[in-house]
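The block underneath contains the structure these notes are about, expressed in structure tokens.
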Amino acid sequence: MPLICFASPKGGVGKTTLAANLADALHRNGRRVIAVDFDPQNTLRLHFGIPLTEMGGFMAQLPRRPDWRSCLRATPSGVGVLPHGATELRGALGLAAMLERDPELLAAPVRAMLSDPGLLVIADTPPGPSHALAVLVPMASMVVAVLQAEALSAVLVPEIVSGRFLGSGTMAAMFATRLRVVLNEVDLQSRLSRASAEAVARHLGPRLLGAVCRDETLAEALACQKLVQDSAPQGRAAEDIRIIARAIEAALPTMEGREPLTAGWAAQ
Ligand SMILES: Nc1ncnc2c1ncn2[C@@H]1O[C@H](COP(=O)(O)OP(=O)(O)O)[C@@H](O)[C@H]1O
Ligand SMILES: [Mg+2]
């Protein structure tokens, strides 16, 4: 415990970049952290320097019920990484169908990860709804939705605030309390980016954890397979990420106390 799940209604918004760099920042703050890739794109590993040619991983093997510990990769950052593993289309569709029939296939190993009270688990998920997200959200202490500072984001805010983005009906309302938002790629030189960011911030109030500026150092860090605190610690993006890590640390104690729903159901 706890689990922080990164999600977004839309792809290409910086979800994986922020999940990786915030996992690193939280580890630097003294947490024991593992970062788990639930997205078949299999890119989380690249931020931690795991070579492109290494294709093994946890989710891709899930039908064979692997021991998650045997898939865990130690990385120079000190964050343990569970890569997704390579999958082709048929494999990804097969896994999705399997998870729909048997969510326990994923819920059981995630519960095992969360049974270590000192371990912080960061989950990166595919864009939009997914079976993995449906399994993870009830177990998460916090769901961090990543939004870009652009016109479309203001439209997505009601969807996010209501929790509809994570479910429907009463379940959505329950999960909505766990939702926090990070605004990414804020460009203070752009009137539209600034106006969109301000509109989102007004709507969200304290649910907004923070904002990350548009900064090439983040893309450069990925190109060098490094984390931004190593490659450009003086940069603005690195500073924004440290501030958001502190905001997560401040918010977690009030959110962490909640009993994970699945644990409650399992006990009945
Ligand atoms: N704040 C930012 N400034 C500049 N580039 C960014 C920023 N955040 C992410 N990127 C770049 O945007 C691209 C998509 O990011 P990624 O984290 O893979 O998105 P997602 O996981 O949502 O699909 C990557 O090339 C990444 O380096
Ligand atoms: Mg991604």
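In listed order, ligands and their atoms are each counted from 1. These numbers were taken from a predicted model, which means no experiment stands behind them. Heavy atoms only: backbone and side chains are in, while hydrogens, waters and symmetry mates are out.
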How about T17 and F6: do any of their side-chain heavy atoms sit closer than 4.5 Å?
-> no
Taking it one step at a time, do R236 and E216 satisfy salt bridge (Lys or Arg N to Asp or Glu O under 4.0 Å)?
-> CA-CA 10 Å; R236 286 170 49 212; E216 280 261 292; over 6 Å; no
Nearest to atom 10 (N) of ligand 1, what protein heavy atom do you find, and at what distance?
-> E185 OE2, 3.9 Å
Give a yes/no verdict on whether any heavy atom in [X] is under 4.0 Å from an atom of ligand 1.
X    : value
G12  : yes
D215 : yes
C213 : yes

With no hydrogens and no angle check, is any side-chain donor or acceptor of T254 less than 3.5 Å from a backbone partner on A251?
-> yes
Side chain D102, main chain M98, donor-acceptor under 3.5 Å | no
If we number the atoms of ligand 1 from 1 as shown, the ones under 4.0 Å from a heavy atom of G14 are 9 (C), 15 (O), 16 (P), 17 (O), 19 (O), 20 (P), 22 (O)
Test of proximity, N184 against ligand 1: N or O pairs below 3.5 Å | yes
Q41 N/O/S atom closer than 2.8 Å to the Mg ion (ligand 2) = no
Are any of the protein's heavy atoms under 4.0 angstrom from atom 6 (C) of ligand 1, yes or no?
-> yes
